[in-house]
Amino acid sequence: MNRNVPDKPTIDGLEARWSARWEEQGVYRFRGAESRSEVYAIDTPPPTVSGSLHMGTVFGYAQTDSVARYQRMKGKKVFYPMGWDDNGLPTERRVQAYYGVTCDPSLPYDPDFAPPEEPFDPPRPLARRNFVELCHILTGEDERAFEEVFRTLGLSVDWSHLYTTIAESTQAISQRAFLRNLARGEAYTQEAPVLWDTDFQTAVAQAELEDRERPGAYHRLVFGGGNGEPIHIETTRPELVCSCVALVAHPDDDRYRPLFGSTALTPIFGVEVPIVAHPLADPEKGTGVAMVCTFGDTADVTWWRELDLETRAVIGRDGRFREEAPDWIESDAARAAYADLAGKYVNQARRRMVELLGESGELVGEPSPITHPVKFYERGDRPLEIVTSRQWYIRNGGRDVGLRDQLLAEGDALRWVPEYMRVRFRHWVEGLAGDWLVSRQRFFGVPIPLWYRLDESGEPDYEDPIIPPETELPVDPGSDVPAGYRADQRGIPGGFIGDLDIFDTWATSSLTPLIAGRWGSDDKLFQLVFPMDQRPQGHEIIRTWLFSTVVRSHLEFGRLPWEHATINGWILDPDRKKMSKSKGNVVTPMALFAEHGADGVRYWATSARPGADTAYDESQMKIGRRLAIKILNASRFVLGLAEDAEPGAVTQALDRAMLGRLAEVVSSATAAFDEYDYAKALASTETAFWAWTDDYLELVKGRAYGDGSDAASAQAALQLSLSVFLRLFAPFLPYVTEEVWSWWKEGSVHLAAWPLASEFESLTGDPIVLDVTAEVLSQVRRVKSDAKVSMKAPLQLLVLTDSADRIDKVRAAGTDLVDAANAKSIDFEIGPFEIRAELAPA
RNA sequence: GGGCCCUUAGCUCAGGGGUAGAGCGCUUCCUUGACGCGGAAGAGGCCAGAGGUUCAAAUCCUCUAGGGCCCACCA
């Protein structure tokens with residue numbers, strides 16, 4: 001055996017060997033690009049660093065990698081960075097649980113604090129800086145593990161372009177982009193009701209909401225009407241009677257029309273509230289008249305704003321009813337009733353309020369149980385409350401039809417794969433209820449880079465913040481001092497305060513094309529990669545990551561951040577539910593790589609149609625592994641035959657027929673990849689490959705073992721077709737193809753040219769020659785299989801009856817068919833297709 | 001309540017007006033000059049249901065039923 005072909009090739013261990021060599025040799029390094037047109041840039045999703053990677057993540061990344069490898073082989077300089085999304089609440093939650101700590105910004109920094117071996121129990125409060133240090137430690141560990149998984153999977157990312165969303169350079173970009181939004185009037189601050197998570201004690205944005213069906217109950221309550229007639233309302237939140245500011249009914253509702261303009265008295269508290277009309281009130285719901293509270297739900301906010309109602313908030317940011325009775329509750333009895341609610345959480349207050357209403361006779365009948373959708377923060381465990389607070393917003397078209405239309409046009413201009421994902425963008429934008437709330441009252445994130453002047457009475461001036469120059473970014477207003485001030489002026493009348501909030505994670509990750517492209521610090525790079533070619537991501541974050549990236553790019557550059565959005569599906573459990581992280585973690589990616597090979601896992605992932613949710617199916621991985629092994633063995637056969645042959649030696653009709661068929665496969669795989677349909681490219685390559693091994697190899701085997709020009713023709717055709725197959729498979733099975741390539745070629749297959757039919761079109765012939773010959777061989781096999789004898793059993797008679805034309809094709813194949821069938825000869829008759837094969841007597 | 005996707009062999013999925021496809025699994029064989037981590041052959045389907053368009057429908061249209069996802073103002 002010549003070359004470096006091993007006797008017993010194996011796919012085990014290829015991952016470690018080749019991933020290390022690719023790194024050493026810089027195979028995937030982004031370099032040498034002179035102009036944007038040479039580059040293919042990918043806006044890789046930075047995985048959230050919280051725990052471990054699961055199979056769903058591996059799935060989407062393998063698909064994108066196949067496209068990246070294709071583009072690289074097509075000659076593009078592929079810019080394929082990786083990022084870790086390590087800032088934000090997921091990391092905080094994980095750190096809290098992992099170490100048993102909480103963050104208390106009022107505590108001083110403890111320079112001697114060391115991470116505990118075991119989590120503190122009960123949780124120990126830490127200074128903000130200590131807490132942030134723990135976040136860095138834990139994310140650092142997770143990120144090393146993530147990198148190991150992605151390297152073993154064989155992602156062709158350029159690891160020298162790794163970024164993280166908490167890095168100083170990222171913070172600088174995030175702050176710079178925000179300050180530019182601010183300068184152009186696209187960012188603004190406002191004191192307003194916001195959806196508030198009382199556990200995390202932070203505002204949350206519309207995109208982070210989810211509705212969950214929760215049990216509740218309608219309570220029918222009696223209000224005192226101005227004319228003495230009682231008014232019945234139904235509510236699921238009787239505890240909010242004390243924050244009631246109005247009753248509202250539909251303007252056309254005849255039952256209540258006479259009452260508009262009059263007042264009613266609230267039960268228990270006897271507070272006088274106006275009865276008002278608003279078209280949002282639904283005559284079909286409850287009694288047709290609703291209690292407006294500040295604030296029980298977002299409808300309340302609408303009524304409060306549009307009807308200019310009082311503000312009577314009672315629920316604090318910790319989710320408890322405020323301690324002192326509010327001043328609008330006046331009578332002693334009412335104040336005594338409020339005292340029962342003070343300090344209680346919502347559920348406790350509700351139970352007590354129902355008791356009070358029952359005792360006073362103002363609860364009619366029994367509460368009637370219902371299930372209804374309740375708004376939650378998607379990462380939260382308790383229903384959101386609505387509190388009034390000062391927050392920062394970025395305009396996203398939610399309150400501005402002009403901008404909204406521009407963003408809709410951007411979504412239309414984007415090329416979506418698959419196409420039907422486009423409507424999700426449109427629906428989300430059309431449904432926006434307000435601007436994008438970007439400030440969060442959390443700790444581990446990018447600080448909002450602003451300070452506020454304090455006037456003589458110590459009141460901050462939010463309308464005219466102190467803005468740092470871009471050259472000084474990033475800043476931390478909690479510890480840095482603005483120009484023109486001294487540190488000891490912090491918090492002093494006439495001095496300043498820093499904004500202690502941080503940005504929402506999406507406010508930073510919406511800038512990934514800028515972060516990866518080093519916007520503002522490496523202009524040459526940025527010009528080469530922006531706007532990018534491809535944004536791969538999951539469909540569940542179209543409303544967040546995709547939309548917010550479009551918003552930021554539109555505001556900053558007036559253009560789309562990428563040309564294509566490729567949306568991958570989800571991994572489903574066998575019961576068709578989205579595979580949960582906990583279940584996905586039962587089998588870790590590393591364990592699957594060990595069992596099926598990274599190539600096997602990649603085969604499974606890239607077999608799935610773009611955008612399609614796909615069952616978690618290890619049997620697909622086994623098939624991928626089998627394919628990889630088949631490639632090894634077939635390659636061993638081909639490369640063991642002869643030294644490098646001259647392509648010009650391909651003269652035999654059967655060899656040319658095979659190459660003719662291969663040219664078709666190359667064309668269809670290329671066309672599929674150009675449409676981002678990697679799965680179709682893989683399927684057509686794979687089908688052709690199995691036909692190649694099962695039929696063509698068997699037919700030419702005898703001839704190829706010989707010598708002379710007939711043998712040389714087969715040897716040359718085999719080598720050429722193997723080279724083509726290896727390159728067609730390289731985007732999917734990078735390890736096994738690289739291994740085989742290394743047996744006989746210089747350099748990496750991943751830097752080799754994508755095969756083109758034009759490479760060997762002068763050597764192709766009519767593929768029908770191969771088809772007809774293979775069909776006859778298949779019939780011979782059937783005869784032998786039916787007779788339960790070996791495929792090598794000799795035939796004493798072989799007769800093909802067929803059309804003259806097809807017989808000519810088989811004749812053109814020469815003696816290959818007779819050899820493969822182990823017949824003495826073959827006879828031909830004109831007539832309807834039939835094969836007669838008789839076994840030689842044993 | 002609105003929208004999107006899916007429903008094809010036991011399983012996982014391709015196909016997308018012209019005779020129903022693949023792999024796995026199953027059945028029956030083959031012991032090897034690439035491969036037993038092999039190889040060959042075979043059985044197996046009213047293409048969810050009902051209407052329509054068409055010479056022709058798994059494919060296009062309408063409706064229905066399941067499944068999944070996204071969204072929606074919690075009275």
Side-chain angles (χ1 to χ4, degrees), chain A residues 5 8-12 209-214 216 218-219 221 233-237 240 247-249 280-282 285-293 296-303 370 372-376 383-384 386 418 420-424 426-428 430-431 433 539-540 542-543 569-570 572 574-578 597 604 607-609 611-620 622-623 625-641 679-680 683 686-687 690 693-694 697-698 701-702 705 778 780-793:
Chain A
V5 185
K8 279 277 177 191
T10 173
I11 67 166
D12 295 327
L209 303 183
E210 64 184 34
D211 285 358
R212 297 182 198 161
E213 288 290 330
R214 282 298 136 105
Y218 282 134
H219 302 74
L221 309 186
I233 65 108
E234 286 200 343
T235 180
T236 56
R237 301 206 57 182
L240 289 178
L247 296 183
V248 64
L280 184 55
D282 182 354
K285 275 193 181 173
T287 60
V289 60
M291 165 177 92
V292 183
C293 308
D297 63 25
T298 53
D300 283 343
V301 176
T302 305
W303 284 319
I370 55 162
H372 60 165
V374 177
K375 287 205 184 307
F376 281 73
L384 294 172
I386 296 172
Y420 60 77
M421 293 293 179
R422 178 188 301 278
V423 299
R424 301 200 183 200
R426 171 162 286 276
H427 287 163
W428 174 251
E430 287 174 343
H539 47 67
E540 77 283 9
I542 289 173
R543 64 175 178 164
W570 276 344
L572 304 177
D575 64 2
R576 314 304 302 171
K577 294 270 198 275
K578 182 187 179 186
W604 159 72
S607 297
R609 211 168 74 244
D613 293 344
T614 302
Y616 176 78
D617 186 2
E618 286 195 41
S619 71
Q620 279 300 109
K622 290 194 174 79
I623 296 161
R625 179 182 167 86
R626 196 177 69 124
L627 173 62
I629 291 167
K630 191 75 174 181
I631 290 170
L632 279 184
N633 285 314
S635 302
R636 195 174 91 91
F637 165 67
V638 170
L639 297 178
L641 290 169
K680 189 185 273 183
E686 186 190 7
T687 303
W690 283 108
T693 60
D694 293 350
L697 254 59
E698 292 302 325
K701 197 181 269 182
Y705 278 123
S778 170
V780 169
R781 284 172 178 154
R782 190 154 76 94
V783 168
K784 293 182 179 178
S785 187
D786 288 349
K788 302 189 177 182
V789 299
S790 161
M791 290 299 127
K792 296 194 182 314

Can you check the [X] [atom1] to [N] [atom2] distance for me, whole Å?
X	N	atom1	atom2	value
A/Q620	B/G23	CD	P	12 Å
A/K622	B/C11	NZ	P	18 Å
A/I631	B/C37	CD1	P	18 Å
A/D617	B/C24	CG	P	12 Å
A/K285	B/C73	NZ	C1'	7 Å
A/Y616	B/G68	OH	C1'	21 Å
A/R424	B/C71	CZ	P	9 Å
A/K792	B/A40	NZ	P	12 Å

Suppose you measure atom [atom1] in [N] against the same atom in [M]; what distance do you get, rounded to whole Å?
N	M	atom1	value
B/G42	B/C4	P	44 Å
B/A48	B/G36	C1'	41 Å
B/C47	B/A20	C1'	8 Å
B/C63	B/G21	P	32 Å
B/U53	B/C60	C1'	8 Å
B/G45	B/A22	C1'	14 Å
B/U59	B/G52	C1'	15 Å
B/G1	B/A56	P	39 Å

Regarding [X], tell me which of base, sugar-phosphate or nothing describes its non-hydrogen contacts under 4.0 Å with the strands shown.
X	value
A/D694	sugar-phosphate
A/T302	nothing
A/W604	nothing
A/K630	base
A/A281	base
A/I370	sugar-phosphate
A/L384	base
A/I629	base
A/M791	sugar-phosphate
A/A683	nothing
A/S778	sugar-phosphate
A/G431	nothing

Which of the following nucleotides, [options], is nearest to the side chain of [X]?
X	options	value
A/Y420	B/A72, B/G39, B/C5	B/C5
A/H372	B/U28, B/G42, B/C74	B/C74
A/K788	B/C74, B/U28, B/C35	B/U28
A/R636	B/C35, B/G3, B/C24	B/C35
A/K8	B/G3, B/G36, B/C69	B/G36
A/W428	B/A72, B/C69, B/G3	B/A72
A/S785	B/C69, B/A41, B/C35	B/A41
A/T236	B/C69, B/C74, B/C35	B/C74
A/S790	B/C30, B/C69, B/G39	B/C30
A/W570	B/C69, B/G3, B/C35	B/C69

For residues [X] and [Y], report the shortest heavy-atom separation together with the two atoms involved.
X	Y	value
A/I623	A/E686	CG2-OE2, 4.4 Å
A/A281	A/A249	CB-C, 3.5 Å
A/S607	A/A679	O-CB, 3.8 Å
A/V248	A/V292	CG1-CG2, 3.5 Å

[N] - base-pair partner by Watson-Crick or wobble geometry, distances under 3.5 Å:
N	value
B/U32	none
B/G1	B/C71
B/G16	none
B/U7	B/A65
B/G25	none
B/U59	none

Within the structure provided, determine whether A/Y218 and A/T236 are in side-chain contact (heavy-atom separation under 4.5 Å).
yes

Could you pick out which residue, A/K701 or A/A787, lies toward the 5' side of RNA chain B when each is mapped onto its nearest nucleotide?
A/A787

5'-most contact on RNA chain B (nearest-nucleotide basis), A/R237 vs A/E210, goes to A/E210

[X] [atom1] to [Y] [atom2] distance, which is reported to the nearest 0.5 Å:
X	Y	atom1	atom2	result
A/R543	A/H427	CZ	NE2	15.0 Å
A/I11	A/K630	CD1	NZ	14.0 Å
A/M791	A/R781	CE	CZ	7.5 Å

Looking at A/K784 and A/A793, would you say the former's side chain and the latter's main chain have a donor-acceptor pair under 3.5 Å?
yes

Measure up the A/Y616 and A/W604 rings against each other and bin them: parallel (under 30°), tilted (30 to 60°), perpendicular (over 60°).
perpendicular

Any side-chain N or O of A/R626 under 4.0 Å from OP1/OP2 of B/C24?
yes

